[in-house]
Amino acid sequence: MKADVLVRTDWNRKSRRITRHTIRRMLAHWQLYVILLPPLLYVIIFHYIPMYGIQLAFKQFQAMSGIGGSPWVGFKHFDQFFNSPSSWRIIRNTVGISLYSLAAGFAFPILLAVALNEVRGRFFKKTVQMVTYAPYFISTVVLVGMLMQILDPRIGVINQFITLFGGDPVNLMGKAAYFKSIYVWTTIWQGTGYSAVIYLAALSGVSKDLQEACVIDGASKLRRIWHVDLPAIRPTIVILLVLSFGNVMNVGYEMIFLMQNSLNLTTSEIISTYVYKVGLVNANFSFSTAIGLFNSVINLILLVAANYAAKKFTDSSLW
Amino acid sequence: MLLIRKLKMSDYIIAFVILIAVFLCLVPFLFILSQSLSSNRAIISQSVTVYPIDFNIEAYKVVFADDGMLYSLFYSVVLTVGFVLLALITTILAAYPLTKKRLRGRGFFLLLMLFTMYFSGGLIPDYLNVKNLHLLNTPWALVLPGLVSVYYMIIMKSFFQSLPDSLEEAAHLDGCNDLQILLKIVLPLSKPALATMSLLYAVFRWNYFQDALFYVTNEKYYTIQLKLYNVINISQDFVGESAIVNLPSEALKAAAIVFGTIPILLVYPWLQKYFVSGIMIGAVKG
């Protein structure tokens, strides 16, 4: 008993000493804290204070009483969302578009990177890279504008081909069945060159000895790529793949919103566009916050899970 | 080696993949460019593909004579420059202290920032916050809420970490304090990273569209993207069934699209030079 007390006071003294030491150290480097202050204030004002507003998901927002003063309603908005016929369609659209993008898109950057890695001429390689990641830098508004011009039933190039071969012009943007494909292949067009850069970086780290040994053993170029290059970048492939699973519920808002019209809405409405329409257009703040919160929480869970998986499979992770 | 080696099957496959990629990336731009340079009649008669027909620059004349368009362009340039400056300063102020082991609570501060990357209040809480700060319908609504990208901050931090410690220690011994070290030692050495950051932030601000949609209703503060959206998107619901004649001319739409990409094209040579290095720094310590 006595020993226990003794130990505890000893520990107290020690912790006090540590605290004093800490404070002295913090004071010695006070400038670092001053430097950090503006970004810290920024994060608090523009990221943490809005989180206070999340409570709206469980309240009925009244403009007069503000966020804090509005009455609580519990899970009413969540009930309303999950009991509405459109909710599952919207969730299904969101997840469907994500998984489709993932399945269709993930091989192209690897293919491009592997091909580019074999190109020897520096100038040619640079030019090809410059061209292939140009689409990444055009804005979503411009991208969708181009898309609409190209797919237009009257003047679009695609329909020129269709009519050339005797078909009837199709309003591609107005067909709900085509929406997912149009969206996914457009994002692949825009993102392949950009994503290839990461794989290209990984490929530049592949052991030259291994490649030469392979060539001496008489392997063809394709065999070398298959047995040496691809296995070497497998960790990169796995981590990028796993992390994109973490983002399955996180579909870009801008492009889908811009591509939407009343004809394709059954397949093009996703959570983020719905949140915008319910919240800002129809001013149903609480309901919109609830759906947004549902989305954020699922996102966070998926991301943590994906990160855990990445750690397990590859030793690398986001945090 | 390239000269004497016989071309094999694999070389053809690789060349094929690359040529397809290049072709696919260029062709949509060609479609739009040739539409913008063609006559409206030629476009509607479906004869324009990858080269202009009835070559003329009328559409561009109309776009460049549109005061609203030029105003939005100018406003977006000013907005982007201001945003980049503020964002760069704030990013540096966050990244630098977080590289220092002597900063107590470093882990906590880092976590505080990282968490915002993975969880946010959502659209409405953000909107109400901007509203409560009286930023709605001001240019600040397009500057402040997205000021620091935590992802870019981490890229910046990795770069600062790659600088040798000995430089800083020497400066310390010479009596420099933390702020002086940052201004006189670290920043001059970080010019390439700063260039990369500025470009990444500039492209983000230039291309970003949704915050203008959310926070701005006054036409005075329309960014070029919002303006373009209004020009291009005049009731696409009607397109199709009835070919309405008095929709904005197709050549005009195409010209507006090209107009909106010109600024990006102007900085593209620098952009692509620095952006690869940007991804690399980020990829090393993602």
Side-chain angles (χ1 to χ4, degrees), chain A residues 22 25-26 29 31-32 35-36 38-39 42-43 46-47 49-51 53-54 111-112 115 118 120 128 130-132 134-135 137-142 145-146 148-150 153-155 157 160 171 174 197-198 201 220-222 253-254 261-262 275-276 279-280 285 288-289 292-293 296 300 303, chain B residues 2 10 14 17-18 21-22 25-26 28 31-32 35 43-44 46 49 90 93-94 96-97 100 102-104 112-113 116 118-119 121-126 128-129 144-145 147-148 177-179 203 207 209-210 214 225 228-229 232 236-237 240 243 250 254 257 260-261 264 272 276 279-280 283:
Chain A
T22 310
R25 268 185 50 161
M26 286 173 77
H29 300 293
Q31 287 192 333
L32 282 182
I35 295 173
L36 193 60
Y42 157 76
V43 169
F46 287 100
H47 290 281
I49 290 182
M51 286 183 200
I54 290 177
L111 187 68
L112 181 63
E118 296 302 320
R120 289 291 160 256
V128 172
M130 196 164 162
V131 171
T132 50
F137 291 105
I138 58 173
S139 76
T140 318
V141 174
V142 167
M146 285 170 62
M148 278 167 12
Q149 294 293 93
I150 288 168
R154 291 174 305 141
I155 62 152
V157 178
Q160 286 184 33
N171 183 9
V197 175
I198 295 166
S220 72
K221 202 177 260 181
L222 293 183
Y253 164 87
E254 279 192 357
N261 56 45
S262 56
V275 165
Y276 165 70
L280 286 189
F285 285 4
S288 171
T289 308
L293 178 63
S296 301
L300 192 63
L303 208 70
Chain B
L2 193 82
S10 53
I14 287 159
V17 168
I18 288 177
V22 168
C25 285
L26 283 181
F31 288 149
I32 301 299
Q35 275 189 356
I43 299 174
I44 288 178
Q46 298 199 347
T49 49
T90 324
L93 294 182
Y96 176 72
K100 297 293 159 252
R102 56 178 185 272
L103 181 83
R104 278 279 159 148
L112 206 64
M113 304 231 169
T116 63
Y118 304 114
F119 189 80
L123 174 63
I124 295 300
D126 280 349
L128 288 175
N129 188 43
L144 294 177
L147 197 56
V148 175
N177 59 36
D178 288 317
L179 197 62
V203 171
N207 284 345
F209 156 75
Q210 69 189 49
F214 297 158
Q225 303 300 338
L228 279 177
Y229 165 68
I232 298 166
Q236 54 156 316
D237 277 357
E250 298 300 339
I257 292 170
T261 22
I264 292 285
Q272 70 108 19
V276 175
I279 300 188
M280 300 301 186

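To find a chain, count down the sequence lines: A is the first, B the second, and so on, and within it residues start at 1.
Here Leu147(B) pairs with Tyr42(A), Phe83(B), Leu86(B), Ala87(B), Thr90(B), Val143(B), Leu144(B) under the side-chain contact (heavy atoms from CB on, under 4.5 Å) rule; sequence neighbours left out. Phe209(B) meets the ring-ring contact (aromatic ring centres under 6.0 Å, His included) test with Tyr229(B); sequence neighbours excluded.
Note: Leu32(A) CG to Tyr96(B) OH = 6.5 Å, rounded to the nearest 0.5 Å. Atom-to-atom distance recorded for Ile138(A):CD1 and Asn207(B):CG is 8.5 Å, nearest 0.5 angstrom. Here the CD-CG distance, from Gln31(A) to Asp178(B), works out to 5.5 Å after rounding to the nearest 0.5 Å. With rounding to the nearest 0.5 Å, the separation of CG in Leu26(B) from OG1 in Thr132(A) is 9.5 Å. From Lys100(B), atom NZ reaches atom CD1 of Ile35(A) across 9.5 Å, with rounding to the nearest 0.5 Å. For the atom pair Phe137(A) CZ and Thr261(B) OG1, the distance stands at 14.0 Å (nearest 0.5 Å).
When heavy atoms are compared at a cutoff of 4.5 Å, Val43(A) approaches chain B solely by way of its side chain, counted from C-beta outward. Residue Asn129(B) touches chain A through its side chain alone, counting heavy-atom pairs closer than 4.5 Å. Residue contact with chain A, scored on non-hydrogen atoms closer than 4.5 Å, involves the backbone and the side chain of Phe119(B) alike. Contacts of Gln210(B) with chain A are made by both backbone and side-chain atoms, with heavy-atom separations under 4.5 Å. In this structure, chain A has a heavy atom under 4.5 Å from the side chain of Ile32(B), while its backbone stays farther away. Using a 4.5 Å cut-off between heavy atoms, Val157(A) touches chain B through its side chain atoms alone. Within the 4.5 angstrom heavy-atom criterion, only side-chain atoms of Ile150(A), from C-beta onward, approach chain B. Interface residue Leu103(B): backbone and side-chain heavy atoms are both found under 4.5 Å from chain A.
Annotation: maximal heavy-atom pairing with chain B below 4.5 Å, among Pro38(A), Gly53(A), Pro39(A), occurs at Pro39(A).
At a threshold of 4.5 Å between non-hydrogen side-chain atoms, the residues Ile257(B) and Val141(A) do not count as touching. Considering only heavy atoms from C-beta on, Glu118(A) stays 4.5 Å or farther from Ser10(B) through its side chain.
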